Visitor: 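Below is one structure. I have some questions about it.
In what follows, residues are counted from 1 in the order of the sequence shown. Here the structure is a predicted model, which means the values were calculated and not measured. Worth knowing before you read on, the calculation uses all heavy atoms, side chains too, and leaves out hydrogens, waters and symmetry mates.
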Amino acid sequence: MNAVSNLGYCYLYGRDIEQNTSLAIAYFKTAAENGVIDAMYKLGDIYSSDKWNVKDVELSLYYYKIALVHLLGEDEWNVESIVYCEGLQRYPSLCYALGREMSRGGRMNTDIVMAYQLLKHAEKGYRKEIDNGAVMYESSYEGVKELLADSQFDGIRKEYDAYFAGEDYDEETE
């Protein structure tokens with residue numbers, strides 16, 4: 001199913017084939033229905049933008065949410081803290097999108113604590129990607145850092161920065 005998702009990217013961006021948004025969405029939906037988190041995230045991305053002429057905010061948020069539920073599990077979706085869910089860092093763009101949407105002014109219910117944690121995972125994930133040579137993430141990384149500095153997070157920044165820096169970390173809680 002990862003290959004099907006990758007084919008979606010090829011059609012979406014016209015990589016070595018003619019660009020076709022409808023086919024891209026079809027491939028992404030097939031992969032998403034079979035548990036491919038990247039496809040779920042990308043559908044959220046496609047439907048959140050005017051770029052592809054299929055903008056649908058509700059569908060966008062739906063696909064972002066199901067990607068997160070797949071990562072965290074149904075029972076974990078309503079947890080207060082996702083600090084120790086390092087697997088989220090493999091999906092920095094999903095964390096960035098969800099953190100942005102859960103922040104004040106976003107399109108989901110505002111949850112400053114969850115938004116900040118998601119953005120911290122995005123920051124760490126993008127940093128890893130950039131350190132491994134994926135410079136295409138530099139602009140997103142800067143966007144995450146800018147959002148993390150927003151005053152809406154002033155009341156929780158110190159506490160969660162300490163967790164993400166490894167302070168107060170107990171490996172047995174992982």
Visitor: When hydrophobic residues are tied together by side-chain contacts of less than 4.5 Å, even through go-betweens, does Met136 share a cluster with Tyr126?
Guide: yes
Visitor: Would you name the heavy atoms of Leu94 and Tyr41 that are closest together and state the gap between them?
Guide: CA-CD1, 3.6 Å
Visitor: Indicate yes or no: at least one non-hydrogen side-chain atom of Ile82 is less than 4.5 angstrom from one of Leu88.
Guide: yes
Visitor: Nearest 0.5 Å, what's the CD1-NZ distance between Ile46 and Lys29?
Guide: 9.5 Å
Visitor: Once rounded to the nearest 0.5 Å, what's the spacing between atom NZ of Lys42 and atom OH of Tyr47?
Guide: 13.0 Å
Visitor: Do Leu119 and Ser103 come within less than 4.5 Å of each other through their side chains, counting heavy atoms only?
Guide: yes
Visitor: So how far is it from Arg127 CZ to Lys145 NZ, rounded to the nearest 0.5 Å?
Guide: 7.5 Å
Visitor: Hey, quick one: are Leu59 and Leu23 part of the same hydrophobic cluster, counting side-chain heavy atoms closer than 4.5 Å, chains of contacts allowed?
Guide: no
Visitor: Examine Val4 and Ile25 and state if one hydrophobic cluster contains both, with Ile, Leu, Val, Met, Phe, Trp and Tyr joined whenever side-chain heavy atoms are less than 4.5 Å apart.
Guide: no
Visitor: Might you point out which heavy atoms bring Ala24 and Leu12 nearest each other, and give the distance in Å?
Guide: CB-N, 3.5 Å
Visitor: Give the minimum heavy-atom separation between Ala31 and Met1, together with the two atoms involved.
Guide: CB-O, 3.7 Å
Visitor: Just wondering, do Gln19 and Tyr11 contact through their side chains at under 4.5 Å, heavy atoms?
Guide: no
Visitor: For the pair Asp154 and Arg157, find out whether any cationic side-chain nitrogen is under 4.0 Å from an anionic carboxylate oxygen.
Guide: yes
Visitor: Search all heavy atoms of Tyr96 against all heavy atoms of Ser140 and return the closest pair with its distance.
Guide: CE2-O, 3.8 Å
Visitor: To the nearest 0.5 angstrom, please state how far the CG atom of Leu98 sits from the CE atom of Met114.
Guide: 9.5 Å
Visitor: Decide if atom OH of Tyr62 counts as having more than 12 heavy atoms of other residues, nucleotides or ligands within a radius under 6.0 Å.
Guide: no
Visitor: Rounded to the nearest 0.5 Å, how far does CD of Glu129 lie from CZ of Arg90?
Guide: 11.5 Å
Visitor: Is a side-chain donor or acceptor of Ser60 paired with a backbone partner of Asp56 at a separation under 3.5 angstrom?
Guide: no
Visitor: Using the rule given for side-chain hydrogen bond (donor to acceptor under 3.5 Å, both in side chains), can you reason through Asp45 versus Tyr64, listing the C-alpha separation, both sets of side-chain angles and the distance that settles it, and then say yes or no?
Guide: CA-CA 8 Å; Asp45 227 22; Tyr64 285 151; 3.1 Å; yes
Visitor: So Lys124 and Val144, do their side chains get closer than 4.5 Å, heavy atoms only?
Guide: no
Visitor: Within the 3.5 Å criterion, strictly below it, is a donor on Tyr27 or Asn6 matched to an acceptor on the partner's side chain?
Guide: no
Visitor: Atom OH in Tyr163, atom CD1 in Ile156: separation rounded to 0.5 Å?
Guide: 11.5 Å
Visitor: Can you find a pair of side-chain heavy atoms, one from Asp161 and one from Lys120, that are under 4.5 Å apart?
Guide: yes
Visitor: Is Ser93 close to Tyr137 at the side-chain level, that is, under 4.5 Å between some pair of heavy atoms?
Guide: yes
Visitor: Taking all non-hydrogen atoms of both residues, which atom of Ser48 and which atom of Arg107 are closest, and how far apart?
Guide: CB-NH2, 3.5 Å
Visitor: Using a distance-only test with no angle check, is there a side-chain donor-acceptor pair under 3.5 angstrom linking Tyr116 and Asp150?
Guide: no
Visitor: Looking only at heavy atoms, what is the nearest atom pair of Phe28 and Gly8, with distance?
Guide: CZ-C, 3.4 Å
